[in-house]
There are 2 protein chains.
Amino acid sequence: MDLERPDLSAIHLLSPAGFRAGAVRARIKSSRALDVVLLVCDRPASAAAMFTSNKVVAAPIQIARVNVAGGRLRGIVVNSGNANACTGRRGLADARRMCAAAARAIGCTPREILPASTGIIGHHLPMPRLLTGIAAAGRQLGTSAARAAAFADAILTTDTRRKTAGAAINIGRHRALLAGVCKGSGMIGPRLTAARTLQPRHATMLAFLTTDADVPSALLRQLLNEAVQDSFNAVTVDDHASTNDCVVVLASGRSGVQIRPGPSARAFAEALQDVCLSLAKQIAADGEGATRVVRVEVCEARNQADARTIARAIANSPLVKCAMHGCDPNWGRIVSAAGMCDAAFDPDRARLTLQAVTVFAGGQPKRFDAAGLSRRMNAKQVDVVLSCGLGSARAACWTCDLSAEYVRINADYHT
Amino acid sequence: MDLERPDLSAIHLLSPAGFRAGAVRARIKSSRALDVVLLVCDRPASAAAMFTSNKVVAAPIQIARVNVAGGRLRGIVVNSGNANACTGRRGLADARRMCAAAARAIGCTPREILPASTGIIGHHLPMPRLLTGIAAAGRQLGTSAARAAAFADAILTTDTRRKTAGAAINIGRHRALLAGVCKGSGMIGPRLTAARTLQPRHATMLAFLTTDADVPSALLRQLLNEAVQDSFNAVTVDDHASTNDCVVVLASGRSGVQIRPGPSARAFAEALQDVCLSLAKQIAADGEGATRVVRVEVCEARNQADARTIARAIANSPLVKCAMHGCDPNWGRIVSAAGMCDAAFDPDRARLTLQAVTVFAGGQPKRFDAAGLSRRMNAKQVDVVLSCGLGSARAACWTCDLSAEYVRINADYHT
């Protein structure tokens, strides 16, 4: 790899030194696709995670919160096809048995394993098949790009495509790698919170990141928290927070590149933010039934919280999302969404552009070529920029259009 | 009419003594349906109103807030097809001209007129056609059931049916009548607020009520505020609060029945709540693309605010609404929606029923016949009852399913 211009697209989940993975079909999913994975670090990794803030917390997340609290993990075990949520004591016991099986496969203690699940809520896991699958995954651990791709595929549910991202962190003449995979398509509206502050809200998205940088777990936790706010916590498909949302990063330290408060932390933070934002955008782009991505930027807001609240209100409006689907420059829906949320907003000071065309400013409609703008909205990405004229804070939020296909997918998922 | 058992279905907007109405086609709507109406009280009526709390307030609502503040009105002028929102100073001037034209037609001052509009945001009203229409409506004022029906039809936009309700208030041997009409199908998620407390949120719904009871305006305002909370403020189609929401009640006093604090106020309040709830349910049932109504009841909540918050979170979840469309007893979406909102909730103490079938209790899934329950959900109304086990407060919320037809209607409204 060229130190100056690394090929980021070639970086996969197992590119950072020290990690192996295995993925198998355990028939948890009815589709018989890959559905059980193990990710293993050769030695105890520095670890940080953020979880759903929904007050309905899936069993694996309850276990994961405890296991990651010490800041060190050896591995991650994940199944797709069943969320193991709303499953009571039996669900908790099942999640513990997942960890025990993974620990046996790796050769560590169950407390060194982080479990995660995604799929239907309210069904007990098919434990015999799952345990057999975990053991099988443990027998085929490897480091190849194919293994990394299989891992990325196995965590998907209604997703239509694999989601991966990579980055390189150059510190002097040394380089560390950072990589991530994620899943998420429906039930997306994460409000992830740091592992130790149990201050519940939610959507099922899972993201797993690896790095061979040497990062103390307290610093890793802080940097992950910062990176998540404007990435995963800024993506919404249907604003329905899940019981299973989880983002985890493991740092093996194997590159020898030390990340400490100061310039190295800033370089690592930048790479972490890039990877998280890339993954989050891929979730928006692959939202259930989506035909395009919508980027909502709110600037000149009174403060950061208001900017995020307004961006989210616009991105969550079914009326706005339907208009985006129809390439319809019906901007009144955007302005009214901004006005209905709990944030300072004054239409007389606001200015709204769609695909860089000003449609509303100073409380008045602006003349524009509606047919021309509609054609410009028929794109892979639509940019909505609302300037509030009240301050200097800004935030961006990523979502997708709302199509009849979303309804089809979700009117018929269970039965 | 039989004093003991009045035929409520025969009561229309112009049944209460003292009111006349006119409805005309002024070509504000492209469909050329009726679109301009006048409602007139023969003498100054006691009046109360509640308006959108969106911070983006349509021009007619800005004028209406001022005009109703004194508690007396002579009339109401309404157009459909154009919301006159986000239209700046010209929009305000246009709304004032609407009032002036209505005042000329009736023979009163513009300050005695409440204006309301519904339709597309961000377009200036076609004033020559509108003013001609108002004058024409003034020339054909009448009291017939046909006039009342024309009024109810003329305020509709994407609604598919007329929405009306009536009630009788018996005080001793005397009787007063109460009647109402409303419109609302999309952009429905009202948070109506009392006229004088400008604490903005929103959806376009309009409701106009008449009564021939004699009710002081302060009492009328209080009773309307109470009636709205569990009716119009408890209905949601897409949770998108509008710039134009408005509920107005006019009391002519012509029946001679005096409503004062005490038993008469309680009798009037009950009738007012019945009429408001009936109208609100009709909005939910006629939600854009709706095939069924969903009633979400939350009981045993810690307090009233929590009960309302949880009910609304469930009713607003696109995932829940899609499941209702598909007759899919995917109850995990309901429980997770309860857990993601800002209210006390503990899944281990909760109990959920769908069509009276218990599907989740004590943190555990309950066995049920999924195919049988799905058949029971294929009904005009689905009842969701979530007992929180945390207190004694309750609230109900009304919504509809989310269908592909909603997307079709809203992806293609503007252009």
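The model shown is predicted, which means the values in this text are computed figures rather than measured ones. Sequence lines set the chain letters: A, B, ... in the order given, protein chains first and strands last, and positions in each chain run from 1.
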Exercise. Between SG of A/C322 and NE2 of B/H240, what distance do you get to the nearest 0.5 Å?
Worked result: 11.5 Å
For this session: Kindly compute the distance separating CZ (A/R333) from CG (B/D238), expressed to the nearest 0.5 Å.
Result: 8.5 Å
Problem set entry | Test side-chain contact (heavy atoms from CB on, under 4.5 Å) applied to A/N330 and B/I120, step by step | CA-CA 8 Å; A/N330 193 335; B/I120 185 86; 3.9 Å; yes
Exercise. What residue, out of A/P365, A/S403, A/G88, has the most heavy-atom pairs lying under 4.5 Å from chain B?
Worked result: A/P365
Problem set entry | Atom pair CG (B/D239) and CG (A/D239), whose distance is rounded to the nearest 0.5 Å | 9.0 Å
For this session: Check whether A/A343 gets within reach of chain B through its side chain, its backbone, both or neither, counting any heavy atom under 4.5 Å.
Result: backbone
For this session: Select one option (side chain, backbone, both, neither) describing which atoms of B/F360 are under 4.5 Å from chain A's heavy atoms.
Result: side chain
For this session: Output yes when a side-chain donor or acceptor of A/K55 lies under 3.5 Å from a complementary backbone atom of B/D342, and no otherwise.
Result: no
For this session: May I ask you to name which of A/G91, A/S317, A/A323 has the most heavy-atom pairs under 4.5 Å with chain B?
Result: A/S317
Problem set entry | Among the listed options B/E405, B/Q364, B/K321, B/K366, the residue most often paired with chain A at heavy-atom distances under 4.5 Å | B/Q364
Seminar exercise, completed: Turns out that what part of B/A58 lies under 4.5 Å from chain A's heavy atoms comes down to neither
Exercise. Looking only at heavy atoms, what is the nearest atom pair of A/V335 and B/V56, with distance?
Worked result: O-CG2, 3.5 Å
Seminar exercise, completed: Ranking A/G289, A/G332, A/A313 by heavy-atom pairs under 4.5 Å to chain B gives rank one to A/G332
